[in-house]
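What follows is a set of notes on a single structure, which appears directly below.
Lettering of chains follows the sequences in order, A, B, ..., and the numbering in each one begins at 1.
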Protein chains: 2
Amino acid sequence: MRVTKALADSQRVRILLLLEGGELCVCQIVAVLSLAPSTISKHLSILEDADLIVGRKEGRWAYFRLASGRPGAFTMPIRKWISQALDTDPVILQDRKKLKRVTSCAPAVLRQRQRKAS
Amino acid sequence: MRVTKALADSQRVRILLLLEGGELCVCQIVAVLSLAPSTISKHLSILEDADLIVGRKEGRWAYFRLASGRPGAFTMPIRKWISQALDTDPVILQDRKKLKRVTSCAPAVLRQRQRKAS
DNA sequence: CTGTCATTTCGTTATATGGCGAAATATAGA
DNA sequence: TCTATATTTCGCCATATAACGAAATGACAG
């Protein structure tokens, strides 16, 4: 149930698909989805509780990546399915574009710009 | 999204797993889950909208079965996954037991007994 | 130590969802 | 036609969930 509940929210699915491109910093995810950091943090904890992603702390920064996918792993077919099912979704495509811009500089630089903007 | 939302409720997952044993009448599902017919009906419509099951009417009776699973079908890996993941779940095992009793007589007989009981 | 800053936790609010019973619908049978 | 009956639709209520901002946390920088 934890897994399906975790997948039952579109923002969380967006996060999962973003992470297919590799590990990301929380602030990068915030930048792409344009949601409050507290909201993103909650989503991340739900995904982590479902063992869909794993987090790692490095100083003040927190990084998340997809849970290690041993080919036989439980959640593997699910991830594949989601990936296939939404590969042409306009929101997802947009997210990938935005992610490119966001990851074109280091998280620290990104945050600096975010602070200036507000 | 429709699929994952459909799977994010335990009662609906229970229904899916019941249907693995083959087509069932609504009243049989009601009997196993012990929920109001209106509630079950709603769940069934959500599962049908997600293309996870298909319904069929025969006179006053309505039957539902798992959506035809061409091996390559979209929802196939999901179904497999759920089936594996919950195969030892106590609630699911109990449901299967109850289903056996429920399907030991025709739906019409079942309903007759249900009416007497209330 | 003190301040800054990334993230998380907490409290609140609006909306979504699951449940029921009553009424509506549709069909079989008298 | 009229009644009984299986299912669905509707309206309501209680709870769950997603979102935010504010405050707490933890770590680096001076």
Side-chain angles (χ1 to χ4, degrees), chain A residues 1-2 4-15 23-50 53-64 102 105-118, chain B residues 1-15 23-50 53-65 102 105-118:
Chain A
M1 251 10 294
R2 261 206 298 263
T4 53
K5 277 203 195 304
L7 296 175
D9 177 85
S10 59
Q11 318 289 23
R12 286 195 288 270
V13 172
R14 287 170 76 193
I15 293 175
E23 186 179 69
L24 290 176
C25 174
V26 172
C27 66
Q28 295 174 313
I29 301 172
V30 167
V32 175
L33 298 215
S34 300
L35 289 175
S38 57
T39 304
I40 297 290
S41 181
K42 187 77 190 308
H43 283 314
L44 289 169
S45 80
I46 290 171
L47 288 168
E48 195 168 31
D49 284 348
I53 65 175
V54 286
R56 170 177 79 84
K57 292 229 162 123
E58 194 174 315
R60 293 182 276 196
W61 309 82
Y63 296 87
F64 287 85
V102 162
C105 62
V109 179
L110 173 67
R111 291 293 289 111
Q112 211 165 6
R113 287 185 196 152
Q114 284 175 351
R115 283 197 305 280
K116 266 186 197 159
S118 64
Chain B
M1 250 11 293
R2 261 207 297 264
V3 174
T4 53
K5 276 202 194 307
L7 295 175
D9 177 86
S10 59
Q11 318 288 22
R12 287 195 288 270
V13 172
R14 287 171 75 193
I15 293 175
E23 187 179 67
L24 290 176
C25 173
V26 172
C27 66
Q28 294 173 314
I29 300 172
V30 168
V32 174
L33 298 214
S34 300
L35 290 174
S38 57
T39 304
I40 297 290
S41 182
K42 186 76 191 307
H43 282 314
L44 289 169
S45 79
I46 289 171
L47 289 168
E48 195 170 30
D49 283 347
I53 65 175
V54 285
R56 169 177 79 84
K57 291 230 162 124
E58 195 174 315
R60 293 182 277 195
W61 308 82
Y63 295 87
F64 287 85
R65 64 174 185 280
V102 162
C105 62
V109 180
L110 173 67
R111 291 294 288 115
Q112 211 165 8
R113 285 186 198 154
Q114 283 175 351
R115 284 198 305 280
K116 263 185 198 159
S118 63

Expressed in angstrom and rounded to an integer, what is the separation of B:Leu44 atom CG from D:dT9 atom C1'?
14 Å

Taking only N and O in the side chain of B:Thr39, is any of them less than 4.0 Å away from OP1 or OP2 of C:dG18?
no

Does a side-chain N or O of A:Arg115 approach OP1 or OP2 of C:dT4 to a distance below 4.0 Å, or not?
no

Any side-chain N or O of A:Gln112 less than 4.0 Å from the OP1 or OP2 oxygen of C:dC5?
no

Under-4.0 Å side-chain N/O to phosphate OP1/OP2 contact, A:Arg111 with C:dC5:
no

Do any side-chain nitrogens or oxygens of A:Gln114 fall under 4.0 Å of OP1 or OP2 in C:dC5?
no

Taking atom P of C:dG18 as reference, at what distance in whole Å does atom CE of A:Met1 sit?
10 Å

Between C1' of C:dA6 and CG of A:Leu110, the distance in whole Å:
12 Å

So which heavy atom on B:Met1 is nearest to which on A:Ala8, and how close?
CE-C, 3.7 Å

State the CD1-CG distance between A:Ile29 and A:Leu35, to the nearest 0.5 angstrom.
11.0 Å

Can you see whether A:Gln112 engages A:Arg115 through a side-chain donor-acceptor pair at a distance of less than 3.5 angstrom?
no

Please report the distance, rounded to the nearest Å, between NZ in B:Lys42 and P in D:dT7.
18 Å

B:Leu33 CG - C:dC20 P separation (whole Å)
10 Å

Whole angstrom value for the distance that separates C1' of C:dG18 from CD1 of B:Ile40:
11 Å

Look at the side chain of A:Ala62 and decide which nucleotide, out of C:dT9, C:dC20, C:dT7, has an atom nearest to it.
C:dT7

Atom pair distance, as rounded to whole Å: CZ in B:Arg113 and C1' in D:dT5
18 Å

Distance-minimising heavy-atom pair for B:Val3 and B:Ala50:
CG2-O, 3.7 Å

Roughly, in whole Å, what's the span from CH2 in B:Trp61 to C1' in C:dT27?
12 Å

Do the side-chain N or O atoms of B:Arg60 get closer than 4.0 angstrom to the phosphate oxygens (OP1, OP2) of C:dG29?
no

Can you check whether A:His43 has a side-chain N or O nearer than 4.0 Å to OP1 or OP2 of D:dT17?
no

Inspect the surroundings of NZ in B:Lys5 and state if more than 12 heavy atoms from other residues, nucleotides or ligands are less than 6.0 Å away.
yes

As a test of reading the structure: which of D:dC10, D:dA18, D:dA22 is closest to the side chain of A:Arg12, going by heavy atoms?
D:dA18

A:Ile46 side-chain proximity, nearest of D:dT8, C:dC10, D:dA18:
D:dA18

